[in-house]
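Per chain, numbering begins at 1; letters A, B, ... match sequence-line order.
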2 protein chains.
Amino acid sequence: MDNNQNQTAFNNKDLDEETLFVVSQTFKALGDPTRIRILNLLIHHEYSVNGIAETLQLRQSTVSHQLRFLKNLRLVKYRREGTTLYYSQDDEHVMNMLKQMIDHACHN
Amino acid sequence: MDNNQNQTAFNNKDLDEETLFVVSQTFKALGDPTRIRILNLLIHHEYSVNGIAETLQLRQSTVSHQLRFLKNLRLVKYRREGTTLYYSQDDEHVMNMLKQMIDHACHN
DNA sequence: TGTATATATTAGTATATGTTCATATTATAA
DNA sequence: TTATAATATGAACATATACTAATATATACA
């Protein structure tokens, strides 16, 4: 039996610390209006940092900070073109959950 | 055309304020380890407040505070039996997202 | 090399959040 | 009514979070 097996497989009552950390961090990323707006933009296509800032009426600094947050969680990635960085989504599963929740919230 | 129609349907670039609030609040609820552990317990069956506290090794007060949080978002409900309140899940969709994310986090 | 543009980083600040202790409330039973 | 058990609430505290202004870094190009 695999030592790295998660507790879900054992149907245990509590979650192991690492799973708990990853899950809470990921949901936390989706738990802020600014990050949701950024990710919602990136559903459709890539954007530069300034592109996001202008579209969402946010400071460049704010966008950059939140992108770093999302990048650390591998929820977004970027490609460089000259001095411009184009950010795009990097976790299809999480993006699907975001879409689901937006639809869930809209169907009231 | 319906005035209450959400912006997702229009494929707009930004989300309306109310959707943004509901979505971020819901994800915020899932963005805390304690609340995740509580909800993860309630996946299987109902628990009393003290039952949760004992199982997860948390203070009664902590559990009660977090249950109020989850109750306000209609993520949990309760039924009374004497002086005991049995809490259970009340949003199948959100619970499914939690399960999905836990599985997602485990499959590393 | 020097300048311009795009982005990242740092430090400061205000606010939000989670936990705890102490206490209040509620319902039951003697 | 009084006592007990279960839960809720309020206040205080420490920590986390998000935003901003100012500045640093990096790339391209003249």
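Regarding contacts with the backbone of D:dA18, every side-chain N or O of A:Thr62 stays at 4.0 angstrom or more from both OP1 and OP2. Regarding contacts with the backbone of C:dT9, a side-chain N or O of A:Arg68 is found under 4.0 angstrom from either OP1 or OP2. Close to C:dT7, at under 4.0 Å from its OP1 or OP2, lies a side-chain N or O of A:Asn50. For the OP1/OP2 pair of D:dA26 and a distance below 4.0 Å, the side-chain nitrogens and oxygens of A:Arg80 include no atom meeting the criterion. For the OP1/OP2 pair of C:dG18 and a distance below 4.0 Å, the side-chain nitrogens and oxygens of B:Arg35 include at least one atom meeting the criterion. The phosphate of C:dA6 (OP1 or OP2) has no side-chain N or O of A:Thr83 nearer than 4.0 angstrom.
Atom pair A:Asp32:CG and C:dT17:C1' shows a separation of 13 Å (rounding to whole Å applied). For the pair B:Leu67 CG and C:dT19 P, the interatomic distance rounds to 12 Å; values are reported in whole Å. Taking atom CZ of B:Arg59 as the reference point, atom P of D:dA11 lies 21 Å away to the nearest angstrom. Between B:Leu85 atom CG and C:dT28 atom C1' the separation is 13 Å, expressed in whole Å. Rounded to whole angstrom, the span from the OH atom of B:Tyr78 across to the P atom of C:dT26 amounts to 11 Å. Here the C1' atom of nucleotide D:dG10 and the CZ atom of B:Phe69 are 18 Å apart, to the nearest Å. Rounded to whole Å, the distance from CG on B:Leu58 to P on D:dA6 is 18 Å. Spacing between atom CZ of B:Phe21 and atom P of C:dA16 amounts to 11 Å, rounded to whole angstrom units.
Looking at heavy-atom distances under 4.0 Å, A:Tyr87 makes contact with sugar-phosphate atoms alone, never a base. Contacts of A:Ser61 with the nucleic acid, taken as non-hydrogen atoms under 4.0 Å apart, include base atoms.
If you look at B:Tyr47 and B:Tyr87, their ring centroids are not closer than 6.0 Å.
For A:Tyr78, the OH atom is loosely surrounded, since the number of other residues' heavy atoms within 6.0 Å does not exceed 12.
In this structure, the side chains of B:Leu70 and B:Asp90 stay at 4.5 Å or more apart for every pair of heavy atoms. In this structure the side chain of B:Leu98 reaches within 4.5 angstrom of the side chain of A:Val23, judged on heavy atoms. Contact of the A:Asn40 side chain with the A:Arg37 side chain is not registered, since no non-hydrogen atoms from C-beta on lie closer than 4.5 Å.
Not a single donor-acceptor contact under 3.5 angstrom links the side-chain atoms of A:Gln60 to the base of C:dA6. No hydrogens or angles were tested; on distance alone, a donor-acceptor pair under 3.5 Å links the side chain of B:His65 to the base of C:dT20. A donor-acceptor contact under 3.5 Å is not formed by the side chain of A:Gln66 with the base of D:dA18.
When the nearest nucleotides of DNA chain D are assigned to A:Lys28 and B:Gly51 by heavy-atom distance, the more 5′-ward of the two goes with B:Gly51.
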